Amino acid sequence: MPGYTVSGNNALTTKHSSEQQRNIELITIYEISKLLGSSLDLSKTLRAILNLLSVNLKAWRGLICLEEDDGELGLVAVSGVSPELLTQERYQVGEGLTGRIFKSGMPIVAPDVSKEPLFLNRWGTMDDSKDRAVAFIGVPIKAAQATLGVLSFMRLMDDRAKHSFDHDVLFLTMVANLIGQTVRLYRSINAERKQLLEEKRMLKKELQRRYSIDNVIGSSKAMQEVFAEVHQSAPSRSTVLLRGESGTGKEVIARAIHFLSTRKDGPFIKLNCAALSESLLESELFGHEKGAFTGAHAGRKGRFELAHGGTLFLDEIGDISPAFQAKLLRVLQEREFERVGGTQPIKVNVRLITATNRDLEQAVTKGDFRADLYYRINVVSIFIPPLRERREDIPLLVEHFLERFNRENKRNIRISPDAMSKFRECNWPGNVRELENCIERTATMVQSDLIDEADLSCMHSKCMGQLLHFRPAAGMPVTMITPVSEADSDDAKLPEHENDTPVRHAPATERERLIWALEQCGWVQAKAARLLNISARQMGYALMKHNIEVKKF
């Protein structure tokens, strides 16, 4: 009894293979072992194996089927027929010769498929063989005693009576076992990868559910860390210092801390310290009595009193004067104060949240900010990253601002992938606030319902925000270049950098700014573009627009 099922009228006798054929088979096994370890793309690897077997075994057509999740057999690799069959051909367990091999786990040989009723002829084999006999050889693909699929070949037969298939079945079984081990390993790795991805997705979902803030958009790792710090610090009574560039959303974060705290039912009072003079700031924070100064016709509560039982948010805390810093420090230490013009001490229960875009440590070193006040407000410090350091959040923000614009203006404006790509590339020196303004400006001026790359101001050198800011070299403070008024001297200076080399203010007009930047950078366009925080292409457009000839040295 042979070790496989022979389907047909006559069982064929077995012949020994020639030495030459054995050498070919040995080389084939070696090449297959190299293919199996060459790629993680299973389908690509199996196609390469079929092509190799087709040449070395002189097979006419071949296929590899593997069990799918639904229990049926699906084609994963074919040779000698159209690759389109991969998406079309499927076999039920027990259906045809292929299904029978999978069900029984035993090889099947059909010396002449024209005489085999189980042969399905789905590929038009009978029509394409041109009256030549076609033999079918199929073996199960196994691993750890489990049948995973089927490897089969069809061969055009010139001499039906003298051919033996014993050696073919033995050789294909060896190949199928190698394939089976690889498929098993691949599926094991794939299952582990899916499990890890699912665990990661669930963890991310849990973190977003646990650490999310209303009205704050940010799925990036940097913002998720901010959200976690907000949730961690909100329930306590600790003073919080929010650090970050202008426009990063420090006020929104401050509101989130308040509404996540036990003081959420109390008032949230805010004040921008940089917007008021010292005398007005004192009156706004501490209040005043009637007649305390000219125009004080009635007494008035200050922000500290109004925030009693709640949260007081002081924005731009780094811009208050040294004299007022001392007054504020006393209030923070004793939790009491007097109104302007009053003598009665007033005690308050207020949680303080402050924010600044200044380098307070450098200000303390220079003596511009009191060290004792710095330690009072810097209890819990949360850094809000600039938009350029969380670019994955930009598409979410763009869609949010565009959706709000459409809702408020009854429009249906969309954004093209090219325009979105430009938004992601921009450094956004004004951060989220600048992005919001850019979306509103572009959506207002666009004439169609689609914002394309050509509709963006930066593509026409009209984005003044880019020319008003630049990002200096590492270790230098970020400085805003402000226009020079007629009253300003030509020798007006920007804040000096660490090397104590003075840098002149950039002129007011766009043309003069470009020339100024080129002069600062020795007429090197790339450096000048970086100084103005624009791309080299935008720099080139601007130079052509203003007919500026670049000097050569």
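In this text, all values refer to a predicted model and were calculated from it rather than measured experimentally.
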Exercise: identify the closest heavy-atom pair between Leu518 and Ala528:
CD2-CB, 3.8 Å

Residues Glu436, Arg433; criterion salt bridge (Lys or Arg N to Asp or Glu O under 4.0 Å); working and verdict
CA-CA 5 Å; Glu436 180 181 6; Arg433 187 181 297 119; over 6 Å; no

Hey, is the main chain of Gly310 close enough, under 3.5 Å, to the side chain of Arg263 for a donor-acceptor pair?
yes

Taking every heavy atom of Ile382 against every heavy atom of Ser233, the minimum-distance pair comes out as CD1-OG, 3.9 Å

Any side-chain to backbone donor/acceptor pair from Arg351 onto Ser236? Under 3.5 Å, distance only.
yes

Walk me through whether Glu361 and Phe369 qualify under side-chain contact (heavy atoms from CB on, under 4.5 Å).
CA-CA 9 Å; Glu361 290 76 16; Phe369 199 86; over 6 Å; no

Beyond-backbone contact of Ile377 with Val240, side-chain heavy atoms, under 4.5 angstrom
no

Closer than 3.5 angstrom, by distance alone: can the side chain of Trp428 be matched with the main-chain N or O of Phe423 as a donor-acceptor pair?
yes

Residue pair Ser220 / Glu392, side-chain donor-acceptor N/O under 3.5 Å:
no

May I have the step-by-step check of side-chain contact (heavy atoms from CB on, under 4.5 Å) for Leu73 and Thr98, ending in yes or no?
CA-CA 9 Å; Leu73 291 172; Thr98 300; 4.0 Å; yes

What do the steps show when you test Glu425 against Arg388 for salt bridge (Lys or Arg N to Asp or Glu O under 4.0 Å), and what is the final call?
CA-CA 8 Å; Glu425 293 172 4; Arg388 62 180 174 273; over 6 Å; no

Tightest non-hydrogen contact, residues Leu396 and Ser219, listed as CD1-OG, 3.3 Å

Would a 4.5 Å heavy-atom cut-off, applied to side chains only, mark Leu387 and Asn427 as touching?
no

Are any of the side-chain heavy atoms of Ile49 and Leu36 separated by less than 4.5 Å?
yes

Kindly say whether Leu241 contributes a backbone atom to a donor-acceptor pair with the side chain of Asn378 at under 3.5 angstrom?
no

Just checking, is any N or O donor in the side chain of Ser79 or Asn51 under 3.5 Å from an acceptor N or O on the other one?
no

Should Leu46 and Leu66 count as side-chain neighbours, where that means a heavy-atom distance under 4.5 Å?
yes

After noting the C-alpha distance and the side-chain angles of Asp70 and Arg90, does the key distance pass the salt bridge (Lys or Arg N to Asp or Glu O under 4.0 Å) rule?
CA-CA 11 Å; Asp70 57 5; Arg90 293 176 70 83; 2.7 Å; yes

Value for CD1 (Ile515) from CD1 (Ile548), rounded to nearest 0.5 Å, stands at 4.5 Å

Approximate separation, where rounding is to 0.5 Å, of Thr444 OG1 and Asn409 CG:
6.5 Å

Looking at Arg511 and His546, would you say the former's side chain and the latter's main chain have a donor-acceptor pair under 3.5 Å?
yes

Reference residue Ser448; test side chain to side chain contact (heavy atoms under 4.5 Å, CB included); the match among Asp452, Ile451, Val446:
Val446

Distance in Å, Ile317 CD1 paired with Leu271 CG, rounded so as to fall on 0.5 Å steps
9.0 Å

Residue pair Glu245, Asn357: steps toward the side chain to side chain donor-acceptor pair (under 3.5 Å) verdict:
CA-CA 5 Å; Glu245 297 177 8; Asn357 60 5; over 6 Å; no

Return yes if some donor-acceptor pair links the side-chain N/O of Asp418 with the main-chain N/O of Glu453 below 3.5 Å, else return no.
no

For residues Leu514 and Met539, determine if any side-chain heavy atom of one lies less than 4.5 Å from a side-chain heavy atom of the other.
yes

If you round to the nearest 0.5 Å, how far is CG of Leu53 from CG of Leu151?
6.5 Å

Assess whether atom NZ of Lys270 is packed by more than 12 heavy atoms of other residues, nucleotides or ligands within 6.0 Å.
no

Give a yes-or-no answer on whether the side chains of Glu316 and Asn272 include a donor-acceptor pair shorter than 3.5 Å.
no

Closest heavy-atom pair, Asp319 versus Ala274, reported as atoms and distance to 0.1 Å, is OD2-CB, 3.4 Å

Would you say the side chain of Phe304 lies within less than 4.5 Å of the side chain of Leu328, judging by non-hydrogen atoms?
yes

Is the side chain of Glu199 donor-acceptor paired with the backbone N or O of Leu196 at a distance under 3.5 Å, no angle test?
no

Are more than 12 heavy atoms, taken from residues, nucleotides or ligands other than Arg237, located less than 6.0 Å from that residue's CZ atom?
no

Please report the closest heavy-atom contact between Arg390 and Thr248, naming both atoms and the distance.
NH2-O, 4.3 Å

Rounded to the nearest 0.5 angstrom, the CZ-CD distance for Phe405 and Glu440 is 6.5 Å

Arg358 and Gly318: which non-hydrogen atoms are nearest, and at how many Å?
NH1-O, 2.5 Å

I'd like to know if the side chain of Gln224 and the backbone of Gly218 have a donor-acceptor N/O pair within less than 3.5 Å.
yes

Chi angles and distances behind the side-chain contact (heavy atoms from CB on, under 4.5 Å) call for Val432, Phe401:
CA-CA 10 Å; Val432 178; Phe401 293 137; 3.7 Å; yes

Could you tell me whether Arg407 atom CZ has more than 12 heavy atoms of other residues or ligands within 6.0 Å of it?
yes

Pair Ile384-Ile253, side-chain contact (heavy atoms from CB on, under 4.5 Å): steps then yes or no
CA-CA 9 Å; Ile384 320 275; Ile253 296 296; 3.6 Å; yes

State, with a plain yes or no, whether a side-chain heavy atom of Glu72 is found less than 4.5 Å away from one of Val93.
no

Hey, are the side chains of Phe102 and Cys65 touching, using non-hydrogen atoms and a 4.5 Å cut-off?
no

Would you call the rings of His258 and Phe268 parallel, tilted or perpendicular, where under 30° means parallel and over 60° means perpendicular?
tilted

Can you confirm whether more than 12 heavy atoms, excluding those of Gln325, are under 6.0 Å from its CD atom?
yes

I would like to know whether Lys194 and Glu198 meet salt bridge (Lys or Arg N to Asp or Glu O under 4.0 Å); could you show each step before the answer?
CA-CA 6 Å; Lys194 285 182 178 179; Glu198 180 63 18; over 6 Å; no

With no hydrogens and no angle check, is any side-chain donor or acceptor of Asn406 less than 3.5 Å from a backbone partner on Ile413?
yes

Do the side chain of Ser188 and the main chain of Arg184 share a donor and acceptor less than 3.5 angstrom apart?
no

How long is the gap from SG on Cys273 to CD1 on Ile320, to the nearest 0.5 Å?
6.0 Å

